[in-house]
Amino acid sequence: MTLLSIRDLTVHHGQLRAVDGLSLDVDEGEVLAIIGANGAGKSTLLRALAGLNPPTSGTVHLRGRDITRLPAHQRVPAGIALVPEGRRLFPSLTVEENLLVGAYRKRTGPWTVAAVHELFPWMAERRDQNAAQLSGGEQQAVAIGRALLSNPELLLVDELSLGLAPVVVRRIYETLPRIVGAGTTALIVEQDVTQAMRVADRVHCLLEGRSVLRGRPGDLTAEQVEHAYFGIA
Ligand code: ATP
């Protein structure tokens, strides 16, 4: 069953077509990873889905509902939550307060503060600490928890691994099966191809705003991925 359907989506930054006629479907219950080099348009795509970069043309449907022009603040109640690049926590608020920001416009669903604490057990003990005192990996976990608390159908995660040690990244990605198991679909942007191939059910490789390769990790050869990533014909 298709959860999100993107057709011929184009998003400009000024004259630049950062996303260029992109079509893709996200199926319910899958982890779909968008890979691609710096500047391929991955963040712009996620930001367009979150309503932050309005598209020039094309359509986006969530469960058949046209959300192409839906303002950003209406996307959370519609079922889309973004974990932005760089986490964007409130540094002077506590861990718990940062989580509760996500619950502000929440839908009903499995995600409560207690459920997020089950996912990341250390968070319960450190609930009263300021977010500024957390490590990068811990901040990333709080950013994910905050997004989950809105009970999204579709969780968008932008560059989770940015600036984090590989072991920390792996530990966070290990929670994905439980997130998906609770009924949340995940669309992730990941520059680390090895990580993406490890955690995703399917990957799409973007090059200059276009999807140049798609498939299940097991069906794609390293050579295919490398060529798509670097744009080698
Ligand atoms: P990265 O991993 O560096 O974030 P990306 O694949 O996410 O890369 P985008 O950030 O979506 O790529 O950028 C796509 C293109 O759009 C790049 O050429 C980038 O320079 C340009 N771009 C991104 N944001 C803006 C902006 N706010 N204003 C102008 N150009 C932008």
Side-chain angles (χ1 to χ4, degrees), residues 4-26 31-60 67-73 75 80-89 136-137 139-140 143-144 147 152 154-166 168-170 172-173 176 185-200 202-215 217 220 224-233:
L4 187 82
S5 182
I6 302 170
R7 288 293 172 274
D8 300 321
L9 195 74
T10 296
V11 188
H12 280 81
H13 290 299
Q15 296 290 309
L16 181 82
R17 292 164 80 93
V19 175
D20 188 3
L22 184 78
S23 296
L24 69 83
D25 286 336
V26 185
V31 176
L32 178 63
I34 309 287
I35 60 173
N38 264 328
K42 307 179 300 295
S43 295
T44 303
L45 171 64
L46 280 207
R47 289 174 53 82
L49 297 177
L52 300 171
N53 285 149
T56 326
S57 59
T59 57
V60 181
I67 59 159
T68 314
R69 304 279 156 208
L70 198 66
H73 69 274
R75 301 223 176 192
I80 296 183
L82 171 70
V83 182
E85 192 171 332
R87 4 279 185 212
R88 304 286 178 92
L89 298 183
Q139 290 187 14
Q140 187 61 270
I144 291 169
L154 180 65
L155 180 72
L156 308 172
V157 186
D158 198 358
E159 294 287 8
L160 182 154
S161 60
L162 208 69
L164 302 180
V168 174
V169 174
R170 262 206 306 281
I172 298 175
Y173 271 133
L176 258 184
T185 301
L187 176 58
I188 65 172
V189 157
E190 183 51 75
Q191 217 177 324
D192 181 336
V193 176
T194 312
Q195 280 297 344
M197 301 297 251
R198 191 177 289 144
V199 301
R202 289 192 305 135
V203 297
H204 269 254
C205 184
L206 293 198
L207 179 72
E208 295 174 357
R210 288 184 291 273
S211 171
V212 289
L213 185 73
R214 57 184 71 184
L220 301 173
Q224 276 177 314
V225 174
E226 195 178 323
H227 283 198
Y229 193 94
F230 293 110
I232 304 166

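Order of appearance sets the numbers: ligands from 1, and atoms from 1 within every ligand. Excluded from the calculations below are hydrogen atoms, water molecules and symmetry mates; all remaining heavy atoms, backbone and side chain alike, are included. Numbers here are sequence positions counted from 1.
Not a single donor-acceptor pair under 3.5 Å links the side chain of R210 to the backbone N or O of L22. Between the side chain of E159 and the main chain of S161, no donor-acceptor pair closer than 3.5 Å is present.
Against a heavy-atom cut-off of under 4.0 Å, Q191 is close to the following atoms of ligand 1: 2 (O). Proximity to A37 (heavy-atom distance under 4.0 Å) selects the following atoms of ligand 1: 6 (O). Here is the list of ligand 1 atoms found below 4.0 Å of a heavy atom in S43: 4 (O), 5 (P), 7 (O), 10 (O), 11 (O). When each atom of ligand 1 is checked for a heavy atom of T44 under 4.0 Å away, the hits are 9 (P), 11 (O), 13 (O), 14 (C). Using a 4.0 Å cut-off to heavy atoms of E159, the atoms of ligand 1 that qualify are 2 (O). Near E85, meaning under 4.0 Å from one of its heavy atoms, ligand 1 places the atoms 4 (O). Of all the atoms in ligand 1, the ones that sit under 4.0 Å from a non-hydrogen atom of A40 are 5 (P), 6 (O), 12 (O).
In this structure the side chain of T10 reaches within 4.5 angstrom of the side chain of H12, judged on heavy atoms. Contact check for H204 versus L32: side-chain heavy atoms found under the 4.5 Å cut-off. Side-chain contact between Y229 and Q191 is present, with heavy atoms from C-beta onward closer than 4.5 Å.
With respect to atom 12 (O) of ligand 1, the closest heavy atom belonging to the protein is G41 N, 3.1 Å. Scanning all protein heavy atoms for the shortest distance to atom 3 (O) of ligand 1 gives N38 OD1, 2.8 Å. Of all protein heavy atoms, the one closest to atom 22 (N) of ligand 1 is H13 CD2, 3.2 Å.
In terms of polar-atom proximity, A18 is not counted as a contact of ligand 1, lacking any N or O under 3.5 Å from an N or O of the ligand. Checking only distances, L16 never comes within under 3.5 Å of ligand 1, N or O to N or O. Between G39 and ligand 1, an N or O atom pair is found at a separation short of 3.5 Å.
The parts of K42 lying near ligand 1 are both backbone and side chain, judged by heavy-atom distances below 4.0 Å.
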Query raised in the report: Does the salt bridge (Lys or Arg N to Asp or Glu O under 4.0 Å) test come out yes or no for D25 and R214, once each step is laid out?
Result: CA-CA 11 Å; D25 286 336; R214 57 184 71 184; over 6 Å; no

Query raised in the report: When you look at L187 and I34, which way does the side chain to side chain contact (heavy atoms under 4.5 Å, CB included) test go after all the steps?
Result: CA-CA 7 Å; L187 176 58; I34 309 287; 3.8 Å; yes

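More than 12 heavy-atom neighbours from other residues, nucleotides or ligands sit within 6.0 angstrom of CZ on R198.
Look at G14 and you'll find every heavy atom at least 4.0 Å from all atoms of ligand 1.
Side chains of N53 and T44: no donor on one and acceptor on the other come within 3.5 Å.
The presence of a protein heavy atom under 4.0 Å from atom 20 (O) of ligand 1 is ruled out.
Partner of Y173 under the side-chain contact (heavy atoms from CB on, under 4.5 Å) criterion, chosen from V168, D192, V199: V199.
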